[in-house]
Participant: 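Input: one structure, supplied below.
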Amino acid sequence: MISSQEQIHPNHFAEPLLSWYDASKREMPWRDCGDPYRIWVSEIMLQQTRVDQATPYFHRFLGHFPTLEALATANRHEVLMAWEGLGYYSRARNLHDAAKTVLSKHGGVFPQTYHEIRALKGIGPYTAAAVASIAFGLPHAVMDGNVIRVLSRYFGIQEDVSLPATKAQIQQLADGLLDTARPGDFNQAVMELGATVCTPKSPLCAGCPLSTGCVAYKTGKTAELPFKAPKKKIPHHQIVVGICVDDEDRILIALRPEDKMLGGLWEFPGGKVEAGESRKEALIRELKEELGVEVMPGLRLCEVKHAYTHFKITLNAWICRIKTGEPEPRPKASKKLRWITSSELTEYPFPKANRKVTEALQTWLENRRKA
DNA sequence: AAACCGGGGTA
DNA sequence: TACCCAGGTTT
């Protein structure tokens with residue numbers, strides 16, 4: 001907590017910050033456009049995603065869906081195709097659902113109050129405050145990873161910032177510092193400072209407009225703040241998948257359930273290798289469980305390593321034939337299957353790890369055709 | 001409060 | 001390798 005003597009006059013914070021922002025801000029395709037749709041899409045893409053990573057996807061997405069109505073009237077498959085590779089696919093599903101809500105419940109006009117914005121799918125406290133302030137000039141302070149870092153250093157907050165109580169304290173500080181004449185610019189300025197100057201490692205304090213009032217800078221503790229409790233180790237799984245090919249070189253793919261991880265994307269059937277089991281044994285077992293048929297693994301096509309947020313995988317893919325006399329593959333409940341040609345692989349959204357497999361597969365098929 | 005949800009950049 | 005990112009939802 002900060003004592004009363006250390007209370008900061010908002011102007012001593014906002015004024016130098018906004019001057020710095022006006023002179024130093026980066027160009028972004030959604031910045032200073034005044035279009036709630038573009039600002040909204042950008043804020044969803046920027047959840048847990050850096051500006052440089054999101055920018056090409058923003059252009060691609062707006063190319064497919066230039067207006068809210070275009071997005072609302074598109075189908076799920078198209079939306080996920082435009083999002084493929086960006087991750088956190090629930091963002092795309094929620095964005096799509098929310099666009100439909102705005103069209104049907106708000107007459108296609110983006111809602112202009114904090115609470116109506118907050119009520120849309122995929123919009124939490126951060127995004128509601130961001131859109132409200134940036135698109136509509138409403139006085140709501142954002143709190144994201146940048147704000148947490150900047151304010152925890154500025155005020156010398158030593159409590160664990162992952163605790164809800166600490167976050168509530170930082171939100172209060174942000175609310176008090178907000179420049180109500182320029183709330184959108186103030187919010188973007190704190191985040192811009194966090195992204196370019198007050199960085200997690202090796203912050204550039206010499207170029208910081210707030211250094212003279214910064215507790216962490218004055219006490220040499222920028223490297224210790226913000227404080228977070230150490231994280232747990234994440235597991236590493238061995239994954240096996242089968243690429244079932246029929247006599248006409250068609251390939252079997254499966255649709256992941258909408259409400260699960262990577263929901264709405266397609267994949268090759270497979271699963272985890274269990275303890276005491278060989279990879280091929282696991283492959284035969286998983287495909288028997290998922291498809292109800294016995295397969296014969298042939299060529300091991302490729303190995304892909306991939307890191308998710310909470311676990312890592314090493315994925316091995318085999319070309320498979322379904323044994324003669326077996327029935328047509330039958331998916332487990334709520335899982336759709338489809339036989340497609342190799343050229344159709346690019347028309348279906350795949351997770352990153354599976355996309356690497358489709359690329360290896362197309363290369364292999366091409367080389368086999370030449371030979 | 002903790003778990004879950006992708007992918008990529010950075011040191 | 002470990003950490004982090006313009007977070008939100010679910011349990």
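By convention in this document, chain letters (A, B, ...) are assigned in the order of the sequence lines, proteins followed by strands, and residues within each chain are numbered from 1. As the structure is a computational prediction, the values presented were derived from the model and not from experiment.
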Participant: Is A:Phe61 linked to A:Ile123 within one hydrophobic cluster, defined over Ile, Leu, Val, Met, Phe, Trp and Tyr using a side-chain heavy-atom separation of less than 4.5 Å?
Facilitator: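 Same hydrophobic cluster.
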Participant: Nearest whole Å is fine: how far is B:dG6 P from A:Lys260 NZ?
Facilitator: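 For the pair A:Lys260 NZ and B:dG6 P, the rounded distance is 13 Å.
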Participant: State yes or no: are the ring centers of A:Tyr308 and A:His310 separated by less than 6.0 Å?
Facilitator: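 For A:Tyr308 and A:His310, the ring centres are not under 6.0 Å apart.
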Participant: Taking atom CZ of A:Phe136 as the centre, does the number of heavy atoms from other residues, nucleotides or ligands within less than 6.0 Å exceed 12?
Facilitator: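 Yes, enclosed.
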Participant: In whole Å, I'd like the distance from the CG atom of A:Asp52 to the P atom of C:dA6.
Facilitator: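 From A:Asp52 CG to C:dA6 P: 10 Å.
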Participant: Kindly say whether, by distance alone, the side chain of A:Thr309 makes a donor-acceptor pair under 3.5 Å with the base of B:dG7?
Facilitator: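 In this structure, the two groups form no donor-acceptor pair.
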Participant: What's the closest nucleotide to the A:Arg149 side chain, out of C:dA6, B:dG8, B:dA2?
Facilitator: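 Of C:dA6, B:dG8, B:dA2, C:dA6 is nearest to the side chain of A:Arg149.
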Participant: Could A:Arg31 and A:Asp185 be called an ion pair, given the rule that one side-chain N must be under 4.0 Å from one carboxylate O?
Facilitator: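 No, this pair does not count.
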Participant: Quick check: on DNA chain B, is the nucleotide nearest A:Tyr57 upstream (toward 5') of the one nearest A:Ala165, or the reverse? Name the residue that is more 5'.
Facilitator: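 The answer here is A:Ala165.
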Participant: Would you say a side-chain N or O of A:Thr127 is under 4.0 Å from OP1 or OP2 of C:dG8?
Facilitator: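 Yes, A:Thr127 has a side-chain N/O under 4.0 Å of OP1/OP2 on C:dG8.
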Participant: Measure from CZ on A:Arg91 to C1' on B:dG7 and round the result to the nearest Å.
Facilitator: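 Value for this atom pair: 9 Å.
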Participant: Tell me whether the side-chain N or O atoms of A:Tyr126 pair up with the base of C:dG7 as donor and acceptor below 3.5 Å, since no angle test is needed here.
Facilitator: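 No pair found.
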Participant: Check the distance between B:dG6's P and A:Arg50's CZ and give it to me in whole angstrom.
Facilitator: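 So the two atoms are 18 Å apart, to the nearest Å.
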Participant: Are more than 12 heavy atoms, taken from residues, nucleotides or ligands other than A:Glu258, located less than 6.0 Å from that residue's CD atom?
Facilitator: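 Check passes, neighbour count above 12.
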Participant: In whole Å, what is the span from the CE atom of A:Met45 to the C1' atom of B:dG8?
Facilitator: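 Computing the A:Met45:CE to B:dG8:C1' distance gives 15 Å.
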Participant: Over all strands shown, is A:Gly85 touching base, sugar-phosphate only, or nothing at heavy-atom distances under 4.0 angstrom?
Facilitator: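 Since only primed, P, OP1 and OP2 atoms lie under 4.0 Å of A:Gly85, the category is sugar-phosphate.
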Participant: With rounding to the closest Å, how many angstrom separate the C1' atoms on B:dA3 and C:dA6?
Facilitator: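 Going atom to atom, C1' in each nucleotide, I get 23 Å.
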Participant: So what does A:Arg355 hit on the nucleic acid, given a heavy-atom distance under 4.0 Å: a base, only sugar-phosphate, or nothing?
Facilitator: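 The answer is nothing, as A:Arg355 stays clear of every strand by at least 4.0 Å.
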Participant: Need to verify one output field. Residue with the more 5' nearest nucleotide on DNA chain C, A:Met28 or A:Asn94?
Facilitator: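 Nearest-nucleotide comparison on DNA chain C picks A:Met28.
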Participant: Identify whether any heavy atom of A:Met261 sits under 4.0 Å from a base atom; if not, whether one sits that close to sugar-phosphate; answer base, sugar-phosphate or nothing.
Facilitator: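 The answer is sugar-phosphate, as A:Met261 gets under 4.0 Å only of primed atoms, P, OP1 or OP2.
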Participant: Output the distance between atom OH (A:Tyr57) and atom CG (A:Leu62), rounded to the nearest 0.5 Å.
Facilitator: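 If we round to the nearest 0.5 Å, A:Tyr57:OH and A:Leu62:CG are 15.0 Å apart.
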Participant: Quick one: A:Tyr308 OH to B:dG7 C1', roughly how many Å, whole number?
Facilitator: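 Atom OH in A:Tyr308 sits about 10 Å away from atom C1' in B:dG7.
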Participant: Can a side chain N or O of A:His306 be found less than 4.0 Å away from OP1 or OP2 on B:dG7?
Facilitator: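 It does, given that an N or O in the side chain of A:His306 lies less than 4.0 Å from OP1 or OP2 of B:dG7.
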Participant: Let me know the distance between NZ of A:Lys228 and P of C:dC5, rounded to the nearest Å.
Facilitator: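 That distance rounds to 5 Å.
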Participant: Report the residue (A:Asn146 or A:Arg118) whose heavy-atom-nearest nucleotide on DNA chain C is the more 5′ of the two.
Facilitator: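 Result: A:Asn146.
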Participant: Suppose you measure atom C1' in B:dG9 against the same atom in C:dG8; what distance do you get, rounded to whole Å?
Facilitator: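 Roughly 22 Å separates the two C1' atoms.
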Participant: Between B:dC5 and C:dC4, how far is it from one C1' atom to the other, in whole Å?
Facilitator: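 Those two atoms are separated by 16 Å.
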Participant: Can you find a side chain N or O atom of A:Lys201 that sits less than 4.0 Å from OP1 or OP2 on C:dC4?
Facilitator: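 No.
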Participant: Quick one: A:Ile234 CD1 to B:dA3 C1', roughly how many Å, whole number?
Facilitator: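 It is 14 Å, rounded to the nearest whole Å.
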Participant: With a cut-off of less than 4.0 Å, is there a side-chain N or O of A:Gln48 near OP1 or OP2 of C:dC5?
Facilitator: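 So the side chain of A:Gln48 is outside the cut-off, no N or O lying under 4.0 Å from OP1 or OP2 of C:dC5.
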